[in-house]
Amino acid sequence: MKRRSKECRVALTHICENLGERLDSRRCTAIRKHIEGCEDCGSYLRDLQTVIDLYRRYPIPPRTRTLANLPRKH
Amino acid sequence: MNQPGRSGRSRSWEKEIIRRVRGGDGKAFGEFVREFEDHIYRYAFKVCRDRQKAEEALQDTLINVYNGINKFDGRSQLTTWMYRIVTNNCLMKHRAGRRRHQAVFIEDLPAEPAEHSERIAPLPVSPLEHVISGELRSAMDRAIEKLPIAHRLVFVLRDLEGLSSEETAGVLKISVEAVKSRLRRSRAFLREQLKDFVAS
């Protein structure tokens, strides 16, 4: 078991806060570079993306009721 | 909300439909409903995790929109305003039927991803090739229902609805920092809860 480096901790926090955002600051670029070269962080990122993909694909049941009692006129 | 102003209908369409609904044009409200009902229901379901509650939230939201359209001042996007209404209706349903034993407390959510493991353990199986079937679906339901509602809302708005941190903050009337903090905890929590089902 190896201990996580400070870079990994920063990268993981960044992944969890900013995944899906397009951030181009120098700090973000450095973190992205770290993730590309770090197996653990890359794995963590892929896992999170998988979890999000699963929830996006979760089947929403069709509605069973038609809308009723909605206002029709003032 | 079909993301008006982002895709789908243009801002000028929004302005025009609002003007007509305000003027008492019943046909216009029908158009408005057809435009947004499906997306409202889907968003409500993602938050409520219950078909009946989502259907009720849809109906309540449309009534709120109709009754409150004169209060919409156009300073925020129509989308933001409507997300806020649906969210409030979902929160009311949630509070009415809250089952305390299923919720976790904020202190139980990891402050930092995988804080307790020294090494980031890879998750074991590869899921996306598979259909979301019974066991996985139940695990997903259990996991997201354990998330405190304030965190679930951030996860749904940011990761499932695709809003930015700033837009999410606008809908929930919280700071961008609070959005990021809740999102960080939510993502780490859901990954941990589903670790037996997903893998890199």
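These values consider heavy atoms only, across backbone and side chains, with no hydrogens, waters or symmetry-generated copies. Sequence lines set the chain letters: A, B, ... in the order given, protein chains first and strands last, and positions in each chain run from 1.
A143(B) touches chain A through backbone and side chain together, each having a heavy atom under 4.5 Å away.
With rounding to the nearest 0.5 angstrom, the CZ atom of F197(B) is 10.5 Å from the CG atom of L54(A). I52(A) contributes atom CD1, which lies 12.0 Å from atom CZ of R191(B) (distance to the nearest 0.5 angstrom). Separation of atoms CD1 (I60(A)) and CG (D38(B)) is listed at 9.5 Å; rounding is to 0.5 Å.
Looking at R56(A), its side chain does come within 3.5 Å of a backbone N or O of D159(B) through a donor-acceptor pair. Using a distance-only test at 3.5 Å, with no hydrogens or angles considered, no donor-acceptor pair links the side chain of R187(B) to the main chain of L48(A).
Of all non-hydrogen atoms in R137(B) and P59(A), the two that sit nearest each other are NH1-CG, 3.5 Å. In plain terms, the two heavy atoms of P61(A) and Y41(B) that are nearest each other are O-OH, 2.7 Å. Between R51(B) and R63(A), the closest heavy-atom pair is CD-CA, 4.5 Å. Contact detail for V51(A) and L194(B): the closest heavy-atom pair is CG1-CD1, 4.0 Å. Across every non-hydrogen atom of Y58(A) and D141(B), the tightest pair is OH-OD1, 2.7 Å. Across every non-hydrogen atom of I144(B) and Y55(A), the tightest pair is N-OH, 3.6 Å.
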